[in-house]
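Since the structure comes first, as C-alpha cells, the remarks are kept for the end.
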Protein chains: 2
Amino acid sequence: MKRLGLDADDSGLAARTLAGVSESKPQRAVGVRDVAALAGVSRQTVSRVLNDHPDVAPETHARVVAAMEELGYRMNNAARALGTHRTRTIGVLASDALQYGPSRSMAAVEAAARAAGYWLTAAFADSGDAVSVTSAIEHLRAQAVDGLVVFAPHARTLAVLDELRIGIPTVILHAAERSAFSLDQRAGARMAVAALVDAGHTSIAHLAGPVDWLEAEARAAGFAEELAARGLPEGTVFAGDWSPRSGHEAAAALIASGVTAVFAANDQMALGLIGGLRAAGVSVPERISVVGFDDVPEAAYAWPPLTTVRQDFEELARRAVAQVIAESGSGSGSSGALMEAAMASDPIAPVLIVRDSVIPPTGR
Amino acid sequence: MKRLGLDADDSGLAARTLAGVSESKPQRAVGVRDVAALAGVSRQTVSRVLNDHPDVAPETHARVVAAMEELGYRMNNAARALGTHRTRTIGVLASDALQYGPSRSMAAVEAAARAAGYWLTAAFADSGDAVSVTSAIEHLRAQAVDGLVVFAPHARTLAVLDELRIGIPTVILHAAERSAFSLDQRAGARMAVAALVDAGHTSIAHLAGPVDWLEAEARAAGFAEELAARGLPEGTVFAGDWSPRSGHEAAAALIASGVTAVFAANDQMALGLIGGLRAAGVSVPERISVVGFDDVPEAAYAWPPLTTVRQDFEELARRAVAQVIAESGSGSGSSGALMEAAMASDPIAPVLIVRDSVIPPTGR
DNA sequence: TTGTAGGCGTTATCAG
DNA sequence: CTGATAACGCCTACAA
C-alpha cells in the first residue's frame, strides 16, 4: 500500500524487461529507478555509476550506462542537491560587467566553472552602491550556491562583504592587492611608466581611475613607485573615472601642466584623452606620449596605436574557480592538505604591449 | 518509529513554544517544519504563506511570517524544485559576450530576471562554433532551467538551435529579424544613412559586419534600402568583422573608392576606421564623414565625437524575460489568454545620436 | 561488489 | 480556511 504503480524496481534480478522499452511509462521523466530496472540492478548501483564510485564491476557499469542511454536518462539536480546539500553551482557577483576587465573575467570564470562540472549563477551589481551589492549577494545566497566569486572593484564592495559575513567559500576578484588572486596592477603600472621613462620622459602625469577603486589605487601606486625608483620627482595625478569622457575632459588640464607624457589608468581614458588632446591641437605622440592599461581591442587600431598593458584574465579566473571549488569541497575552512594549494597565489604578472603612442620627448 | 527527533510539528495547536527559541536545534537548518511548529500551524500552511496563496487568514499569515523571521528561515530551492518540477531559473546563452550589445543585454536580462524573482544561469559560447553552442545549450538544459534566452547573433547559432529542438520556452535575441523580440537594426541603419544623405552626401560606402551575422545583414539591408529610397545608386560595401582592426584595415580601400561618407556597422569599426583614415592623412569628417552604430561609451569622446545609433537593450531584455516566464508558466506552448501577450512584439526603434563626425561633403 | 531502508525540505492532493 | 499524507528523485548510511 505504500508504493504506487510503476514501482516495479528493486525486485531481485528483474533483467527480463531488457527487450521491450514500450512498457507502461505514464508521463514521468526517467529516473534512477527506471534505469535500475532496465539494467537489472538496484537504484543504489545506478547512483554509484553516476558518481563514479570505484566499487562497481565493469560489466555492471556498462549495463547501467547502456540502460541510461537507452532511456535517455538525465540526472535531476534538484534531487541531488536536496540530498547532498550542495548544488554544484557557483555564484558570480559581476560588478561593472560592462568594463573590459570584468567582462573578460566573467566569461573566463564561466569557462573554468563549466570545465569543472559546475554551473554558474550570475548576478550583476553596481559596485559603488551598497544596496545593489547587498541585494545581489543575498540573491546568490538564497540560491544556495556552493561558493562565490565576487568582483569587488570598489572599496565599498569589500566593506559590504565584510558586514555580510558570508558563510560560504568566497573568492574576491578585481580588488587589487586585497584579493587572494590578482593581476599585478602595481607591476603593470610600473611597466607602463618604465616605458615612458626609458623613452626619455621625465615629466610624466597620471590620469587615474576613480578614488576608492582598488585597482585604480594600485595603478596609481605603481606610477608613484616607478617614478621614485627612477629618481624622478612626484608626477601630477589627474582624476578620471575610467570613462572615455573623463579622459577627454582631462586634456585641457594636462596640456596646461606641460608634461610630455601620460600614463592613463585604462585604455578607455587613454583613448578619450587622445581625442581631447587632438581636438585641442596637441598631437600624440609628438607633443605628448600616452600609455594605457588593459589592451582593449580598440587599442591596437586607434590612432596612434596605443602602447598599453595586457593582463591574463583567463588564468585569474582559473585560479579563482579552482579555489572556490576546493574550499567548498572540504567544508569551507578545514585545514589539511588542501589548504596548501588553497592559499593565495602570487599575483599574475601583466605584459607591456609596445605600440606607437610613445616616442622620446621632442625638444619642444 | 517513522519519525525522527525534532518532529514536534503538526501536533494540533502547539503554540506553546512561542517563547523560547533555545529549543534543541541539533545542527539542522530551519525548514518549514520548524516555522510551522513555532507558529503553531501545519507545514502546509507555511507553504501557503510562502507561495502567497490567497486562502490564508491574515492573522495566521502574520504569525507565520513572524515565526519565519524569528527563526531566520530561508527557503530551500532544491526541495521546491523537486516538487514543482520548476527551478525558477532562466538560462542565458551569451554568445560574444565581449561585444558591446550582448554584454549590455546580458546585464539587462539579469536585472529583469531578478526583478521577476528568477535566477539566472549563464553559459558563454562562441556563436560561430556549433560545438561550443551545442555544449553550452546542453549544459543549460542539464541544469533544468525553466526557459532559455539565447543570444544568436550568428546564423549558424540559429541552425544549431533548430537541430537541437529544445523542449523548453526559448527566446532568441540578437538575431535581427529572426527573433520575436528585436532592436530594429534595419531602421537604425536607415537613420544612419539618412543622416549622411541629409547632409548632402551621395557617394556613401558601408563598412559591414561579418557575413552570416544576422544583425550585420540587417544593417546592410537598411543601408541599401535607404539609398534606394533616396534614389541614390547602390553604395559600395566593404567587409569588416566588428573589430576595430577591420575598420582600420578598410581605410585604404575606402580612400581609394573615393566616397565622401561611410556608414560603419558598429562603433568599434568606425573608430578603427577613423584611426586608419587619419593615419593615411585623411581627415574626418572634413574629407570623409563617418556614422557608427551602438553608441559605445567611447563614441562621444572620440575625435571627432561620433555620430551613431543608440539602442534600448534594457527594454529588449525586459520583453524577452517576460515572454520566457509567461511561456514557462503556462506549460510551454499552450494557447489561451497568455498567447496574446506572448506573441512577438514590434521591433524596438533605435535613436540617432548626432555628433560631429558628419558634415556636408566639401567641394574636394 | 551490490542491495535495503530511510531521509533530504517542499509542494500537491484530498479531507475536514 | 487549515491539516494530514504521500510523493518528488537522489544519496547516505548500513547490511549482505
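None of these values were measured; they are calculated from a predicted model.
In the set D:dC11, C:dT1, D:dT2, the nucleotide with an atom closest to the side chain of A:Asp55 is C:dT1. For A:Ala79, the listed nucleotide lying nearest its side chain is D:dG9; candidates were C:dC14, C:dT11, D:dG9. Considering only the side chain of A:Thr60, C:dT2 comes nearest among D:dG3, C:dT2, C:dT10. When the nucleotides D:dG9, C:dT13, C:dT11 are ranked by their closest atom to the side chain of B:Arg80, C:dT11 comes out on top. The side chain of A:Thr84 approaches D:dT12 more closely than any other nucleotide in the set D:dT12, D:dC8, C:dT1. If you check C:dG3, D:dG9, C:dT13 against the side chain of B:Arg48, the one that comes closest is C:dT13. Distances from the side chain of A:Ser42 to the nucleotides C:dT13, C:dG3, D:dC10 place C:dG3 closest.
Nearer the 5' end of DNA chain D, as judged by each residue's closest nucleotide, is the contact made by B:Gln44, out of B:Gln44 and A:Met75. With the nearest nucleotide of DNA chain D identified for both B:Ala57 and B:Leu82, B:Ala57 has the one nearer the 5' end.
Here the side chain of A:Asp126 pairs no donor or acceptor atom with the backbone of A:Asp129 at under 3.5 angstrom. With hydrogens and angles disregarded, a donor-acceptor distance shorter than 3.5 Å links the side chain of A:Arg114 to the backbone of B:Phe124.
Using a cut-off of 4.0 Å between Lys/Arg side-chain N and Asp/Glu carboxylate O, B:Glu59 and B:Arg63 are scored as salt-bridged.
Between the CZ atom of B:Arg43 and the C1' atom of C:dT13 there is a distance of 14 Å, rounded to whole Å. Atom-to-atom, CG of B:Asn77 to C1' of C:dG9 comes out at 11 Å; the value is rounded to the nearest Å. Whole-Å rounding puts the B:Asn76 CG to D:dC10 P distance at 16 Å. Between the CG atom of B:Asp34 and the P atom of C:dG9 there is a distance of 9 Å, rounded to whole Å. The interatomic distance linking A:Arg86 (CZ) with D:dT12 (P) rounds to 10 Å, in whole Å. Between A:Met68 atom CE and D:dC10 atom C1' there is a gap of 14 Å when expressed in whole angstrom units. When the C1' atom of D:dT2 is taken as reference, atom CZ of B:Arg63 falls 11 Å away, rounded to whole Å.
Put simply, B:Arg33 has a side-chain N or O that comes within less than 4.0 Å of OP1 or OP2 on C:dG9. Listed pair A:Thr45 / C:dG3 meets the phosphate criterion, a side-chain N or O lying under 4.0 Å from OP1 or OP2. OP1 or OP2 of D:dC11 sits under 4.0 Å from a side-chain N or O of A:Asn51. Phosphate proximity of C:dT11 to B:Ser47: present, with a side-chain N or O under 4.0 Å from OP1 or OP2.
Side-chain atoms of A:Arg74 and base atoms of D:dG9 include no donor and acceptor less than 3.5 Å apart.
Counting only heavy atoms from C-beta outward, the side chains of B:Val92 and B:Leu120 approach each other to under 4.5 Å.
Here the options are A:Asp146, A:Thr89, A:Thr87, the test is side chain to side chain contact (heavy atoms under 4.5 Å, CB included), and the partner is A:Tyr118; only A:Asp146 passes.
Atoms CG and OG1, on A:Leu50 and A:Thr45 in that order, are 11.0 Å from each other to the nearest 0.5 Å.
Nucleic acid contact for B:Val46: none, since no nucleic acid atom lies under 4.0 Å from a heavy atom of the residue.
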